[in-house]
There are 2 protein chains.
Amino acid sequence: MARTQGSHSGITGPRIRDAALRLFAQHGFAAVSMRQIAREVGVQAGALYNYTPDKQSLLFHLMEGHMTELLASWGDQPGGGDSLSQLEAFTRFHIRFHLQRPDAVFIAYMELRNLSPENFIAIESLRREYENALESILKKGVTEGVLLVPDTKIATLAVIAMLNGVNTWYRDGGRLSLDQVEVIYWEMVRRAMMV
Amino acid sequence: MARTQGSHSGITGPRIRDAALRLFAQHGFAAVSMRQIAREVGVQAGALYNYTPDKQSLLFHLMEGHMTELLASWGDQPGGGDSLSQLEAFTRFHIRFHLQRPDAVFIAYMELRNLSPENFIAIESLRREYENALESILKKGVTEGVLLVPDTKIATLAVIAMLNGVNTWYRDGGRLSLDQVEVIYWEMVRRAMMV
DNA sequence: AGACTATCTGAACAGACGTTCAGAAAAAAC
DNA sequence: GTTTTTTCTGAACGTCTGTTCAGATAGTCT
């Protein structure tokens, strides 16, 4: 027997990625087996290897896809305005984007150690690119005298770490709306960075 | 054959915990086997079970020990002064304490999902206790009119998330000394929280 | 209708997993 | 110097791991 009814490449591929994303986020890369992913998709373990050469690549492409989407999405954002409004735009964008895909965010931050050395370098480079987007804004703000930070590199990492924290506690339908969260964090960021 | 020369309970126990801490932090709980830990200690896997009933307990007691030490250490800190200097004390303490034990911190934040439900609740309760220490300072500061935060609960989590970020980039012998790092972060925290 | 291709099954591989335990040896107690 | 206790070994257990592949089937093309 082979091929249960109605199964296609175009649908199985995404379902594998979805299942892997969810399971990796929930239990961790090392704790999830290929057979678990396959069961979730409704397929035998061997079938996964039509879509990924191995488990490591599956993880890598999930991370790479996430980071690429993050950069592209920030690139699509309207860019004008002064440093301060750019910083606000970044803050709000970061919160919104990351709250929309908690699983991918979780994996991108937690499973770095499970990447092979080359894959690690690739992901780190994408992350640095994103960090540079924020640092550029901070540097410009400092040059223009609008912002005042002790150290733009550290301020960049501090802001991102603070914003990432939202993902650990925010739940849909909770006490605060997404917009309220954006406002609260933007006020803290603004005061921490403004002259 | 049994018992290689000079092996004692008093020394093997700590060495197991040390090895487990380092390996869990490096590769993740699920990716580390009991045999790997045993090899690191220089003992057969079976010997580990004289010191822990199972792998899960080993993880739990590492986390519990870390959180308990964190709370005790903060409790030992001199407590006086106004809200602002208490907030400064907390900021500096948090950075210093966490930079001294990066492996334990890593595990305490990353391996929560590998805890059994009861163990998870226990660790979460200790963490909440620590968060409450900070939130009390913020609340007092707001009441006294010294601090101004949009939401003390969120501010608490934001500050801790920001401070935890230090562990991701700080390296001994790097560009900045521990004290410089404390100063920089304290300035950001102060400005974000002060009226 | 027949040939071809894409997709999947099911079994197999060699090795690793957490955990248990009888027995051996070292250390401690007497 | 003998007994008792603590600590460890080494083998074994049943199960799971990532990955491969021949063969089977469903969909597509001519």
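The chains referred to below are lettered A, B, ... by the order of the sequence lines, with proteins before strands, and numbering in each begins at 1. Treat the numbers as computed from the prediction; the structure is a model and nothing was measured.
Both Ala47(A) and Arg35(A) sit near DNA chain C, but only Ala47(A) has its closest nucleotide nearer the 5' end.
Close placement of the Phe90(B) and Tyr130(B) rings is indicated, their centers lying within 6.0 Å of each other.
To the nearest angstrom, C1' of dC16(D) lies 11 Å from CZ of Arg39(A). Regarding Gln44(B), its CD atom lies at a distance of 22 Å from the P atom of dT6(D), rounded to whole Å. Per the geometry, OH belonging to Tyr49(A) stands 19 Å off P belonging to dA12(C), to the nearest Å. Rounded to whole Å, atom P of dC16(D) lies 17 Å from atom CD1 of Ile37(A). What separates CG of Asn50(B) from P of dG18(C) is a distance of 17 Å, to the nearest Å. Atom C1' of nucleotide dC8(D) and atom CZ of Arg15(B) are separated by 14 Å, given to the nearest angstrom. The nearest whole Å value for the distance from the CG atom in Leu23(B) to the P atom in dG18(C) is 12 Å. Summarising the geometry, the separation between OH on Tyr51(A) and P on dA6(C) is reported as 12 Å, rounded to the nearest angstrom.
The aromatic rings of Tyr185(A) and Trp169(A) sit parallel, their planes meeting at an angle under 30°, below the 60° perpendicular limit.
Using a 3.5 Å distance cut-off with no hydrogens or angles, the side chains of Asp82(A) and Ser85(A) do pair a donor with an acceptor.
Within the 4.0 Å cut-off from OP1 or OP2 of dT17(D), at least one side-chain nitrogen or oxygen of Ser33(A) is found. Listed pair Thr12(A) / dT7(C) fails the phosphate criterion, with no side-chain N or O lying under 4.0 Å from OP1 or OP2.
Here dT19(C) is the nucleotide among dG18(D), dC8(C), dT19(C) with the atom lying nearest to any side-chain atom of Lys55(B).
Counting non-hydrogen atoms under 4.0 angstrom, Val41(B) reaches nothing in the nucleic acid.
Cluster membership check: Val159(A) shares its hydrophobic cluster with Val142(A), using side-chain heavy-atom separations under 4.5 Å among Ile, Leu, Val, Met, Phe, Trp and Tyr.
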